[in-house]
Amino acid sequence: SHSDRRANEERLAVQGQALMELTAQQMQRAANIEERLGLILETCARTLGAGRVSIWRFDADGAAIRCLNLFDLASGVHSSGDTIRKDPYPAYFEALEQERFIAADDAHPDPRTREFAGSYLTPHGIGSMLDVPLRRKDEVSGVMCVEHVGGARAWTVDERTFVLAVANLIVAAVATDVRREALR
């Protein structure tokens, strides 16, 4: 319908603007990596109206992911340090290896994310997840998680595309930072 199309165009415009600003900020590279990642998460959360957006990194042994930064939209607070071990969540971790993204519109029954229902989804009021594995040269180094606080949410094609683009910015920012450390 006409109103759907207009809503779609408005979302695309807002997403395009956000990506442009983030790309420009990443080019400046003035801020440290933590600040840059924090800014990416904030922009992503606001653009999508998603309650929680976070970046997680695999431990060296690959047995767990650790939260580098989580932005909570309602409180405006950043946190970090949570750890999620692989063992209790085999379906989710397998999906991270296999899929380009995990769009769980209804996270509670979704086979890839329902393992989190009791321990994670319910306590945080999360109804829907859009997760993108962070890949460098086919290696999954971590994951970016976009979590909708509230009920189920149908992630649109443009929203998925936007999150993939943001994930690419994160991978690039981290890669640049690693290179810069190596050059010191």
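Here the structure is a predicted model, which is why all the values come from computation and not from measurement. The first residue in the sequence is number 1, and the count goes up from there.
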Could you pull out the closest heavy-atom pair between R100 and V132, with the gap in Å?
O-CG1, 3.8 Å
Gap between atom CG of L22 and atom CG of L169 - 0.5 Å precision:
6.0 Å
So how far is it from T122 OG1 to H108 NE2, rounded to the nearest 0.5 Å?
4.5 Å
If Ile, Leu, Val, Met, Phe, Trp and Tyr residues are connected whenever their side-chain heavy atoms lie under 4.5 Å apart, and connections chain through other members, are V166 and W155 in the same group?
yes
Do L41 and L48 sit in the same hydrophobic cluster, where Ile, Leu, Val, Met, Phe, Trp and Tyr count as joined when their side-chain heavy atoms come under 4.5 Å apart?
yes
Taking L164 as the starting point, is it possible to reach V14 by hopping between hydrophobic residues whose side chains are less than 4.5 Å apart?
no
Looking at N168, I55, L96, V140, which hits side chain to side chain contact (heavy atoms under 4.5 Å, CB included) with L134?
I55
Which distance, rounded to the nearest 0.5 Å, do you find between the CG of L39 and the CD of E35?
9.0 Å
May I ask you to decide if D61's main-chain N or O and D59's side chain share a donor-acceptor pair within less than 3.5 Å?
no
Is it possible for you to say whether L73 and V163 belong to one hydrophobic cluster, with membership spreading through side-chain heavy-atom contacts below 4.5 Å?
yes
Between V149 and H124, is any pair of side-chain heavy atoms under 4.5 Å apart?
no
Distance in Å, I126 CD1 paired with C145 SG, rounded so as to fall on 0.5 Å steps:
9.0 Å
Any idea how Y92 and F116 line up, ring-wise: parallel (<30°), tilted (30 to 60°), or perpendicular (>60°)?
perpendicular
Where Y89 and S119 come nearest, the two heavy atoms and their spacing
OH-OG, 3.0 Å
Is S128 reaching over with its side chain to a backbone N or O of D105, donor-acceptor style, under 3.5 angstrom?
yes
Count the heavy atoms belonging to other residues, nucleotides or ligands that lie under 6.0 Å from CD of E99, then report whether that count exceeds 12.
yes
Does one hydrophobic cluster hold both L68 and V171, with members joined at side-chain heavy-atom distances below 4.5 Å?
yes
Could you check N69 against I40 for side chain to side chain contact (heavy atoms under 4.5 Å, CB included), going step by step and ending with a plain yes or no?
CA-CA 10 Å; N69 194 325; I40 290 175; over 6 Å; no
Quick one, R153 and E159 - any side-chain contact, counting heavy atoms below 4.5 Å?
yes
More than 12 heavy atoms from other groups under 6.0 Å of CD on E139
no
Within a strict 4.5 Å, meaning less than it, do heavy atoms of the L37 and I33 side chains meet?
yes
Verify the neighbour count for atom CZ of R160: are there more than 12 heavy atoms of other residues, nucleotides or ligands below 6.0 Å?
yes
State, yes or no, whether a side-chain contact exists between M129 and R112 at a heavy-atom distance under 4.5 Å.
no
So do the side chains of D82 and W56 get within less than 4.5 Å of each other, counting heavy atoms only?
yes
Of the non-hydrogen atoms in H78 and G38, which two are nearest, and what is the gap between them?
CE1-O, 3.4 Å
Using every non-hydrogen atom in the two residues, find where P109 and R114 come nearest and quote the distance to one decimal.
O-NH1, 3.6 Å
Hydrogens and angles aside, do R5 and N8 bring a side-chain donor and acceptor to less than 3.5 Å of each other?
no
Applying side chain to side chain contact (heavy atoms under 4.5 Å, CB included) to D72 and S79, what does each step give before you reach the verdict?
CA-CA 8 Å; D72 181 271; S79 58; over 6 Å; no
Heavy-atom side-chain proximity of C44 to M144 below 4.5 angstrom:
yes
Can you check side chain to side chain contact (heavy atoms under 4.5 Å, CB included) on I65 and F93, steps first, answer last?
CA-CA 10 Å; I65 49 173; F93 278 90; 3.9 Å; yes
Do any N or O atoms from the side chain of S54 and from the backbone of F71 form a donor-acceptor pair under 3.5 angstrom?
no
Hey, are the side chains of R57 and V174 touching, using non-hydrogen atoms and a 4.5 Å cut-off?
yes
Nearest 0.5 Å, what's the OG1-CD distance between T47 and E21?
8.0 Å
So which heavy atom on P111 is nearest to which on A91, and how close?
O-CB, 3.5 Å
Measuring from atom CG of L130 to atom CZ of F162, what distance do you get when rounded to the nearest 0.5 angstrom?
10.5 Å
Nearest atoms (heavy-atom pairs only) where T83 meets A64:
CG2-CB, 3.8 Å
